[in-house]
Number of protein chains: 2
Amino acid sequence: MSPKRTAATAPVLRRITAEAVLQALVSGDELTAGDLMSATGLSRPTVHSVCDELIGRGWVTETGAAHAPASVGERTAIQVAASTGGRPSRRYALNAGAGLVAGIDLGATKISCCLADLRGRIVVEATEPWRDEHVGAPERVMIARRIMKELLAEAGGDPGRVLAAGMAVPAPVTDDGHAVALESYLPGMAALDLRTALRPDFDWPLLVDNDANLAVMAERWRGAARGVDNVIVLLAGWRLGAGICLGGRLIRGAGAAGEMRFLELVEGVGNTDAVGGMCRELGAVAAAEIIAGDRPATPEDSVLVELCAGDPETVTAEMVVEAARRGDQAAVDVVDVVMERTARAAAVVSTLLDPELLVLAGGPADAGDVLLPVFDHHLGRLNSVRPRLAASMLGDHAALMGSVRAALDHAFEHLLD
Amino acid sequence: MSPKRTAATAPVLRRITAEAVLQALVSGDELTAGDLMSATGLSRPTVHSVCDELIGRGWVTETGAAHAPASVGERTAIQVAASTGGRPSRRYALNAGAGLVAGIDLGATKISCCLADLRGRIVVEATEPWRDEHVGAPERVMIARRIMKELLAEAGGDPGRVLAAGMAVPAPVTDDGHAVALESYLPGMAALDLRTALRPDFDWPLLVDNDANLAVMAERWRGAARGVDNVIVLLAGWRLGAGICLGGRLIRGAGAAGEMRFLELVEGVGNTDAVGGMCRELGAVAAAEIIAGDRPATPEDSVLVELCAGDPETVTAEMVVEAARRGDQAAVDVVDVVMERTARAAAVVSTLLDPELLVLAGGPADAGDVLLPVFDHHLGRLNSVRPRLAASMLGDHAALMGSVRAALDHAFEHLLD
DNA sequence: GGGGTTTATTAATAGCTTTAATAAACCGCT
DNA sequence: AGCGGTTTATTAAAGCTATTAATAAACCCC
């Protein structure tokens, strides 16, 4: 009993051309009709017609001619194209302020939220550590809503201006992109229907995905993997997970692709729970090392012991990295052990999937100088044909930026509806 | 200096609708205008107009009304739809005879070639074992050309009727789908430019791909994975390779995705060369077992020894399977060892990529009854959340059918050019 | 042979885009 | 300031396509 099949096929063309124009504009630059003509293959009258329509809908603005508004600190790559004489062209640009998208990163240790404009520039942002590690999932979602309300107030936007929201969670997400499958990471998360997580307050379309999946899209967007279609991000912070992008598309299998539990059956290492990432492992291995060490654990002898003030329980990944940087042999050994293990995982993944680029992310911040060479060494030893290697450029922000990207994608897809 | 940007955008619509109609017709069934209307969402006049055009081009035929030509042995699923009175509808069908596609499987032990019509029905087919194992790649290609010439003569078709050809090779193929990257399997293959492999005789577009990749598409088309978008085919004949299809798309990474060399670094097993598949391993492990066996190797005592007439060198995978089927304990043990190893590889792959379905292919023919339960047992032991399991339905023919499918895809993509 | 019914065909209409022609707007130069 | 020269914007005319509405066919059953 569908309401009379609106098969309308004339406007389809308009839709296609409008999408093409919008797509060209999404990059964020000001473009002239000529630019749009060559970008889309359309004729000049059509370009103007489409742009007028998009302006009417509010998604595009016509910027004043060659003023080059160059707001300080932001190089907008506007080429004013030394005029050779001739009527000045109209300049079109995406109306970045026509809407907002929301990004949420429900991390293992903290929550980050932000609002971004249609160019993906973050307008407001807030990060909070969890009060304690064992906050339940429903409560975490409530905190996300509270923060988002505060951000909206700060930005002076009303909820209706937000076109979509993205959310990163540290666990696999089922195929429909909404519910969580495994329980191992966040207690109570699987029972939650994330599709409606923001619902009482915000009625936005909510895109939920695995943090590693979103991280890889973020690195492709604005990070170390720009323009790379076959890339894997190894998210090795508190847990070990991979975001896999092949052929320019996210790989999620039936939902849980990118999980690294195979390490257990590869070598018998790791708890049956989640496989730990570098942060967890560096601390744990170092603590074990100190406790079992045959050397006296004195601050004079060991930078590591000095840094943790003698208490192995308090050793953090940052301490290990710092100690290794200062030449402490025990710390160097710990780094070597943990990176060998991480490299082994990476070798399996990259042998099987043959990416062009491997991005290491989520480790202790700014530790690339210490970790990357060791990782590279082991990867080279294990894997004859290995991909290019890079450290994340987004670090902590990868998943958050990925959630923004997901929201933007959704928003643009439905902009013309 | 492009020849004046043929931006023409009016016929684009026609192209889209024609493709939609063709797509609906490709299934092979006879369809009425009404069927096509609901399949494509187009209006009746448009459907007729498009069909008339396609008929004019030769790709579609108008079949006589409700004759139900039911050629014996082929159930064409034609529903004559008990007429309720009313003008009889015109019936359209893909003109399967309007062209041919060629399929070639350059296997490890044999070569198979075929010609198929546009519905993918094989018209003629030929298989030859290689004269000896060490035939060079250029010579193999020459043999393929000879066989193809014979097939064409047999089918009475001239080369111009062939719209495209697909070719399966037992090695990774680079991203452009044409050249071979690794040398391990077929000597001299990497040096060859496969794009022009058939060129002196046939000027067809040639799609070259990995056998495992083509096998997975074949199983999705007509095999055990029909309608499954997330499926992995484990091709475990002479070498071990995986064809990975996720989200309905083939995963090839930078080119060599699906290679299983990670098994080496997982357990130190396997030669540094290619990782062997079941056929090779079953024979090798059984031979070693016999040689190192602590029992006297008498035919009375061991079915295996009986089958190989006492010579461990001649043990084949088929013998092992047969012996295991007859209850020979040594053979059962061999099967167990080899399947445990295969299952380990499968567990790694499926944990990482989370497919819905895993298809085991390329083993000794008709050995599923012996191998599958053992495989299943080990997979269940290794992998808590495991995918559905199935044996290949195409067996030996998987790669060949995949090459036909690839050729068909290419042909249909360019049918309207 | 005449309702009733379903489909084919034709005619009229509307939307989109393209090319061609016309009008604007700017530069540099005299 | 005015005038070619040049580039872009805008308007007009023409061509395709697809849709809806209306008309004609072709078949069933009674």
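The chains referred to below are lettered A, B, ... by the order of the sequence lines, with proteins before strands, and numbering in each begins at 1. Bear in mind the structure is a predicted one, so any value in this text is a computation, not a measurement.
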**Student:** Would you mind telling me which residue lines up with the more 5' stretch of DNA chain C, P45(B) or T32(B), judged by nearest nucleotide?
**Tutor:** T32(B)
**Student:** Tell me, with the steps shown, if R15(B) and D417(B) meet salt bridge (charged side-chain N to carboxylate O under 4.0 Å, His left out).
**Tutor:** CA-CA 9 Å; R15(B) 169 84 190 226; D417(B) 290 347; 3.0 Å; yes
**Student:** Whole angstroms only, please: what is the CD-P distance between E19(B) and dT17(D)?
**Tutor:** 15 Å
**Student:** Any side-chain heavy atom of R220(B) sitting closer than 4.5 Å to one from R405(B)?
**Tutor:** no
**Student:** Would you classify S49(B) as touching base, sugar-phosphate or nothing, given that sugar-phosphate means primed atoms plus P, OP1 and OP2, and contacts are heavy atoms under 4.0 Å?
**Tutor:** nothing
**Student:** Between dT8(D) atom C1' and M37(A) atom CE, what is the distance in whole Å?
**Tutor:** 10 Å
**Student:** Could you check whether any side-chain heavy atom of L250(B) comes within less than 4.5 Å of a side-chain heavy atom of D209(B), counting everything from C-beta outward?
**Tutor:** yes
**Student:** Within the 4.5 Å heavy-atom criterion, are L54(B) and N95(B) side-chain neighbours or not?
**Tutor:** no
**Student:** When the distance from CG of L42(B) to P of dA18(D) is rounded to whole Å, what number comes out?
**Tutor:** 7 Å
**Student:** If you compare every side-chain N and O of T17(A) against the phosphate oxygens of dT17(C) (OP1, OP2), does one of them come in below 4.0 Å?
**Tutor:** yes
**Student:** May I ask you to evaluate whether S43(A) reaches the phosphate of dT18(C), defined as a side-chain N or O under 4.0 Å from OP1 or OP2?
**Tutor:** yes
**Student:** Return the 5'-most residue of the pair Y92(A), R87(B) with respect to DNA chain D, ranking by each residue's nearest nucleotide.
**Tutor:** Y92(A)
**Student:** Rounded off to whole Å, could you give me the CZ-to-P distance for the R91(A) and dC26(C) pair?
**Tutor:** 13 Å
**Student:** Quick one: which of dT18(C), dA25(C), dA8(C) gets closest to the side chain of T46(A)?
**Tutor:** dT18(C)
**Student:** Taking the side chain of P11(A) as heavy atoms from C-beta outward, which of dT8(D), dC16(C), dA8(C) is closest to it?
**Tutor:** dC16(C)
**Student:** Whole-Å distance between dT6(C) C1' and R44(B) CZ?
**Tutor:** 8 Å
**Student:** Give the rounded distance in Å between these two atoms: CZ of R14(A) and C1' of dT17(D).
**Tutor:** 16 Å
**Student:** Where the side chain of L13(A) is defined as all heavy atoms beyond and including C-beta, which of dT8(D), dC16(C), dA18(D) is the nearest nucleotide?
**Tutor:** dC16(C)
**Student:** May I ask you to evaluate whether R90(B) reaches the phosphate of dT9(C), defined as a side-chain N or O under 4.0 Å from OP1 or OP2?
**Tutor:** yes
**Student:** Calculate the interatomic distance between E62(A) atom CD and dT8(D) atom P; express it in whole Å.
**Tutor:** 15 Å
**Student:** Would you kindly give the CD1-to-C1' distance between I16(B) and dC16(C), to the nearest whole Å?
**Tutor:** 13 Å
**Student:** Taking atom CD of Q23(B) as the centre, report whether more than 12 heavy atoms of other residues, nucleotides or ligands fall under 6.0 Å from it.
**Tutor:** no
